[in-house]
Amino acid sequence: MGRPARPPPLEHAITHPVPARRVLVTGAGGQLGTALAEAFARDDVVALRREDWDVELPPPEGLEVVDLVLHAAAWTDVDGAESDPQGAAAVNVGGTQHAAELGAPLVYFSTDYVFDGRKRTPYVESDAANPRSAYGRTKLHGEGAAGEHAWIVRTSGLFGPTGDNFVRTMLRLGSERGEVAVVSDQRTSPTYVGHLAAAVRELVAQPHGTWHLAADGDCTWAELAEAVFAEAGLACRVRPISTAELGRPAPRPAYSVLRSERPEAPRLPHWREGLRECLARLV
Ligand SMILES: NC(=O)c1ccc[n+]([C@@H]2O[C@H](COP(=O)([O-])OP(=O)(O)OC[C@H]3O[C@@H](n4cnc5c(N)ncnc54)[C@H](OP(=O)(O)O)[C@@H]3O)[C@@H](O)[C@H]2O)c1
């Protein structure tokens, strides 16, 4: 009897390389869009900024066929949406319809602001949405516009090393001032865009539907500001104030901690770990 045949070495066994998945990112200039383009860098990423495709308009002529759409373009000015709800809807609902028209499976990013904030235990996917702001209503309608072949990812309090976000604002104010006033009566799960983007990579192997993906743990904005100053070594004090004192035009949920009730949902690290990773990229 001859020796059993050995399998060929791996490099000879692979004769047909797997073609790269083509992934389109809308809103690629935003903080989440930037993180998604990084997280999917092993794929063939087509990263479109607003100047490449204004999603209020149908997809540009000649856009290549893609396998997956990560739809991160959105109207994110929560207060501005109160005075221009139609403008916000044109992007968040109309823009999502246009992204869905590409016909590829789509990831739509939604928000904790679809909830009214009356609960005091985490919101799960089966909780009823009841947005209190124009922004929240447009994002909820956008969930419907994403179509059947979509993952609806609800997340909260995004921050990252680029763009306008609470962490970057606190770093700037904390280096300019001895004290900042920050609201202490809104509790959420601030989520690092790098952790969310990594979780989205895992998620697209799961079935379509609604998924809550937010950082582990929760805090108020005042607690997050204190953590930013502590981690960054800034000697700035936080003066806790109420949402009413701040007097912003859009109502915000007092409690909007998101958790998934789906056992197979990707789990994100704690917000404090996200904060450390974000700060490490900023210094
Ligand atoms: N930020 C949060 O705390 C948070 C929380 C929960 C959910 N989300 C959701 O997460 C997603 C990403 O948010 P983000 O924090 O990355 O926001 P972001 O930094 O404001 O990015 C949004 C991007 O969309 C672009 N955009 C706006 N209107 C557009 C249009 N008509 N056509 C094409 N691009 C357009 C913006 O471009 P310009 O810069 O030129 O305006 C920006 O690059 C959004 O769906 C948002 O609703 C965000």
Side-chain angles (χ1 to χ4, degrees), residues 24-39 46-60 63 69-81 84 86-99 102 106-115 117 123 129 131 133-143 145-146 150-170 186 188-197 199-200 210-215 221 224 250 252-253 256-258 268 271 274 278:
L24 186 141
V25 180
T26 69
Q31 56 171 344
L32 178 59
T34 303
L36 288 167
E38 274 180 33
V46 181
L48 300 186
R49 305 165 76 95
R50 188 204 280 255
E51 55 270 31
D52 306 312
W53 178 17
D54 179 338
V55 297
E56 288 187 48
L57 305 170
L63 192 63
V69 178
L70 306 175
H71 180 45
W75 175 302
T76 54
D77 177 359
V78 176
D79 291 315
D84 187 5
Q86 284 171 341
V91 184
N92 292 347
V93 187
T96 304
Q97 259 158 12
H98 289 143
L102 292 170
L106 178 137
V107 181
Y108 171 78
F109 295 94
S110 189
T111 169
D112 50 333
Y113 286 12
V114 300
F115 295 113
Y123 282 95
S133 63
Y135 167 76
R137 285 189 287 277
T138 64
K139 293 299 293 183
L140 184 59
H141 289 144
E143 291 185 4
W151 297 266
I152 307 296
V153 173
R154 294 196 186 127
T155 189
S156 57
L158 294 184
F159 63 90
T162 66
D164 288 333
N165 61 63
F166 181 87
V167 168
R168 278 165 53 95
T169 302
M170 286 304 126
Q186 290 172 33
T188 188
S189 297
T191 301
Y192 175 50
V193 288
H195 289 163
L196 176 60
V200 169
T210 302
W211 298 79
H212 286 188
L213 298 186
W221 295 110
L224 179 57
R252 285 153 167 90
S256 63
V257 178
L258 301 177
L268 276 69
W271 62 264
C278 179

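We use all heavy atoms of the structure for the numbers below, so side chains are in, but hydrogens, waters and symmetry mates are not. Whatever order the structure lists ligands and atoms in, that order sets their numbers, starting from 1. Predicted, not measured: the structure shown is a model, and the values here were computed from it.
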#### Entry: Residue of the set Phe109, Phe115, Trp151 for which ring pair (Phe, Tyr, Trp, His ring centres under 6.0 Å) holds with His212
Phe115
Are [X] and ligand 1 in contact, using a heavy-atom cut-off of under 4.0 Å?
{"X": "Gly95", "result": "no"}
{"X": "Gly163", "result": "no"}
{"X": "Trp53", "result": "yes"}

#### Entry: Minimal non-hydrogen separation, Ser133 against Ala250, with atom names
CB-CB, 4.3 Å
#### Entry: Contact summary for Ala199 and Leu213, nearest pair of heavy atoms
CB-CD1, 4.1 Å
Between [options], which one has a non-hydrogen atom sitting closest to [atom]?
{"atom": "atom 8 (N) of ligand 1", "options": "Tyr135, Phe166, Tyr113", "result": "Tyr135"}
{"atom": "atom 32 (N) of ligand 1", "options": "Val55, Val193, Val78", "result": "Val55"}
{"atom": "atom 17 (O) of ligand 1", "options": "Thr76, Asp112, Leu36, Asp54", "result": "Thr76"}
{"atom": "atom 19 (O) of ligand 1", "options": "Gln31, Lys139, Arg154, Glu56", "result": "Gln31"}

Heavy-atom nearest neighbour in the protein, as seen from [atom], with distance rounded to 0.1 Å:
{"atom": "atom 41 (O) of ligand 1", "result": "Arg50 NH2, 2.9 Å"}
{"atom": "atom 16 (O) of ligand 1", "result": "Leu32 N, 2.9 Å"}
{"atom": "atom 3 (O) of ligand 1", "result": "Leu158 N, 2.9 Å"}
{"atom": "atom 11 (C) of ligand 1", "result": "Phe109 CB, 3.8 Å"}
{"atom": "atom 5 (C) of ligand 1", "result": "Gly157 N, 3.7 Å"}
{"atom": "atom 6 (C) of ligand 1", "result": "Thr155 O, 3.2 Å"}
{"atom": "atom 7 (C) of ligand 1", "result": "Ser110 O, 3.2 Å"}

### Message
Show, in sequence, the C-alpha distance, side-chain angles and deciding distance for Thr155 and Leu268, and conclude whether the side chain to side chain contact (heavy atoms under 4.5 Å, CB included) test is met.
### Response
CA-CA 11 Å; Thr155 189; Leu268 276 69; 5.8 Å; no
### Task
Evaluate whether atom CD of Gln86 has more than 12 neighbouring non-hydrogen atoms of other residues, nucleotides or ligands under 6.0 angstrom away.
no
### Query
Is a side-chain donor-acceptor pair under 3.5 Å present for Asn92 with Thr138?
yes
### Query
Does a side chain donor of either Gln31 or Thr162 reach within less than 3.5 Å of an acceptor in the other side chain?
no
### Query
Under 3.5 Å, is there a donor-acceptor pair between the side chain of Tyr123 and the main chain of Gly117?
yes
### Query
Okay, side chain of Thr191, backbone of Ser189: is any donor-acceptor separation there less than 3.5 Å?
yes
#### Entry: Sub-4.0 Å protein heavy atom next to atom 39 (O) of ligand 1
no
### Query
Can you find a protein heavy atom under 4.0 Å from atom 36 (C) of ligand 1?
no
### Task
Give yes or no for whether the N/O distance cutoff of 3.5 Å, strictly under, is met between Gly30 and ligand 1.
yes
### Query
Does an N or O from Ala74, backbone or side chain, lie closer than 3.5 Å to an N or O of ligand 1?
yes
### Query
Charged N to carboxylate O below 4.0 Å: is that the case for Arg252 and Asp112?
no
### Message
Give the atom numbers and elements of ligand 1 that come within less than 4.0 Å of a heavy atom of Ala72.
### Response
12 (C), 22 (C)
### Message
Can you classify the ring geometry of Phe166 versus Trp221 as parallel (below 30°), tilted (30 to 60°) or perpendicular (above 60°)?
### Response
tilted
### Summary
Result for side chain to side chain contact (heavy atoms under 4.5 Å, CB included) between Leu70 and one of Leu32, Leu36, Leu106 points to Leu36
